[in-house]
Amino acid sequence: MTLFIWRFLSAVSAVLFVAGVIALLCMRLLKNKYYHDFHEDELLKTVKTTNSKNSIYLTTGETAKFVKKYVICKTLYDKFLVCNFTKSFEEISFFVVQYNKHKKPIQVLKATQCGAEYASRVIALSPRCQFVNIIICKADENEINHNAIRPLSMTKVHIHAAIKGFMLFLALFVVRQTVIELFGGIYTLQYLENFLNYSAVGGSFALCVMYYLVDVLCFRRKNLSQTNGGAIEYEFV
């Protein structure tokens with residue numbers, strides 16, 4: 001191939017790479033979808049201590065049958081949640097949907113507690129969390145909600161991995177061309193026609209395919225992040 005064709009292919013690769021970045025940002029293929037819309041719980045009161053700020057909220061609707069109120073404890077470095085149950089449960093599971101200051105969901109936790117008295121264990125929240133909604137999953141033998149997030153489609157996962165793999169190939173193609181142009185001088189075309197150059201292109205494509213396979217195989221659905229609680233550190237009043 002001529003030097004012009006190599007440069008043309010490199011320019012096209014750069015344009016496609018930028019288009020791929022924009023496509024991934026706009027398509028948001030791995031964005032979670034939620035079954036439940038945000039509802040703002042009533043703030044009962046706020047208690048400030050030396051090391052923390054504790055906001056107590058009252059629950060509403062179906063959740064109020066199982067969780068009477070909850071507190072969000074904010075310290076300088078951490079945020080925690082503790083729930084006040086309406087009664088003692090042999091086993092209770094619930095989802096904690098976390099929202100940022102714009103009331104957009106950022107993470108969902110699933111907490112399960114056996115032999116629950118009237119308060120849950122401490123549940124660590126995201127530093128970005130400003131509001132939460134509690135959705136009861138199971139209380140003793142009663143199945144309430146099976147999920148809080150719609151499962152991600154594996155088709156979207158494959159498309160996302162394929163685009164990222166192809167973008168990796170395009171980036172390597174442009175880098176390879178740039179390096180040869182910078183250091184090749186008057187021998188640039190000879191380097192481009194060399195077997196090693198074609199091997200580098202083939203190797204980049206193989207790496208692209210390998211990246212796609214690894215990305216799909218290692219993908220872990222972002223449906224739920226489970227957490228284990230610790231000792232009760234806040235007493236409801």
(request) Could you tell me whether the side chains of Y70 and N84 share a donor-acceptor contact shorter than 3.5 Å? (result) no
Between [X] and [Y], is there a donor-acceptor pair closer than 3.5 Å when you use the side chain of the first and the backbone of the second?
X: E62; Y: I136; answer: no
X: N133; Y: V96; answer: no
X: T112; Y: S93; answer: no
X: T59; Y: K68; answer: yes
X: K79; Y: P127; answer: yes

Please report the interatomic distance [atom1]([X]) to [atom2]([Y]), rounded to the nearest 0.5 Å.
X: I135; Y: T63; atom1: CD1; atom2: OG1; answer: 7.0 Å
X: K65; Y: N142; atom1: NZ; atom2: CG; answer: 10.0 Å
X: C114; Y: I92; atom1: SG; atom2: CD1; answer: 11.0 Å
X: F173; Y: L168; atom1: CZ; atom2: CG; answer: 14.0 Å
X: C129; Y: I106; atom1: SG; atom2: CD1; answer: 5.5 Å
X: Q190; Y: L3; atom1: CD; atom2: CG; answer: 11.5 Å

(request) Assert yes or no for the condition that the ring centre distance of F38 to Y99 is strictly below 6.0 Å. (result) yes
(request) Count the heavy atoms of every other residue, nucleotide or ligand shown that sit under 6.0 Å from CD of E90, and state whether that count exceeds 12. (result) no
(request) On the 0 to 90° scale, with breaks at 30° and 60°, tag the F166-F169 ring pair as parallel, tilted or perpendicular. (result) parallel
(message) Taking transitive links into account, so neighbours of neighbours count too, which hydrophobic residues share a cluster with L196 at under 4.5 Å side-chain distance?
(response) none
Taking all non-hydrogen atoms of both residues, which atom of [X] and which atom of [Y] are closest, and how far apart?
X: A139; Y: F89; answer: CB-CE2, 4.0 Å
X: S55; Y: L43; answer: CB-CD1, 3.9 Å
X: F66; Y: I144; answer: CZ-CD1, 4.0 Å
X: H39; Y: T60; answer: CD2-OG1, 3.7 Å
X: D41; Y: V132; answer: OD2-O, 3.8 Å

(request) Begin from the C-alpha positions of Q98 and L109 and carry the test side chain to side chain contact (heavy atoms under 4.5 Å, CB included) through to its verdict. (result) CA-CA 8 Å; Q98 303 181 66; L109 304 174; 3.4 Å; yes
Do [X] and [Y] make a side-chain contact, defined as non-hydrogen atoms from C-beta onward lying under 4.5 Å apart?
X: V174; Y: L170; result: no
X: T75; Y: N51; result: no
X: I123; Y: V82; result: no
X: H36; Y: V97; result: no
X: L29; Y: I159; result: yes

(request) Begin from the C-alpha positions of Q113 and R121 and carry the test side chain to side chain contact (heavy atoms under 4.5 Å, CB included) through to its verdict. (result) CA-CA 8 Å; Q113 187 169 338; R121 298 185 179 93; 3.1 Å; yes
(request) Please list, chain by chain and in numerical order, all residues satisfying side-chain hydrogen bond (donor to acceptor under 3.5 Å, both in side chains) with T49, sequence neighbours excluded. (result) S52
I'd like a table of donor-acceptor pairs (distance under 3.5 Å, sequence neighbours excluded) in which one partner is a side-chain atom from residues 201-212, with atom names and distances.
unit_1	atom_1	unit_2	atom_2	d
S204	OG	A200	O	2.9
Y211	OH	K164	NZ	3.1
Y212	OH	H158	ND1	2.8

(message) For residues 127-149, which residue pairs pass the salt bridge (charged side-chain N to carboxylate O under 4.0 Å, His left out) check, not counting sequence neighbours?
(response) none
(request) Quick one: do N54 and K74 satisfy side chain to side chain contact (heavy atoms under 4.5 Å, CB included)? Show the steps, please. (result) CA-CA 6 Å; N54 306 317; K74 301 177 182 179; over 6 Å; no
(message) Does Y57 form a side chain to side chain contact (heavy atoms under 4.5 Å, CB included) with I72? I'd like the steps, not just the answer.
(response) CA-CA 8 Å; Y57 294 86; I72 298 179; 4.0 Å; yes
(request) Just jot down the salt bridge (Lys or Arg N to Asp or Glu O under 4.0 Å) partners of E40, sequence neighbours excluded, or say none. (result) K103
Under 3.5 Å, sequence neighbours excluded: what are the donor-acceptor pairs made by side chains of residues 5-22?
unit_1	atom_1	unit_2	atom_2	d
R7	NE	E181	OE2	2.8
R7	NH2	E181	OE1	3.1
S13	OG	L9	O	2.8

(request) Is it possible for you to say whether V214 and L217 belong to one hydrophobic cluster, with membership spreading through side-chain heavy-atom contacts below 4.5 Å? (result) no
(request) Using the rule that two of Ile, Leu, Val, Met, Phe, Trp, Tyr join whenever any of their side-chain heavy atoms come within less than 4.5 Å, decide whether M167 and V216 are in one cluster. (result) yes
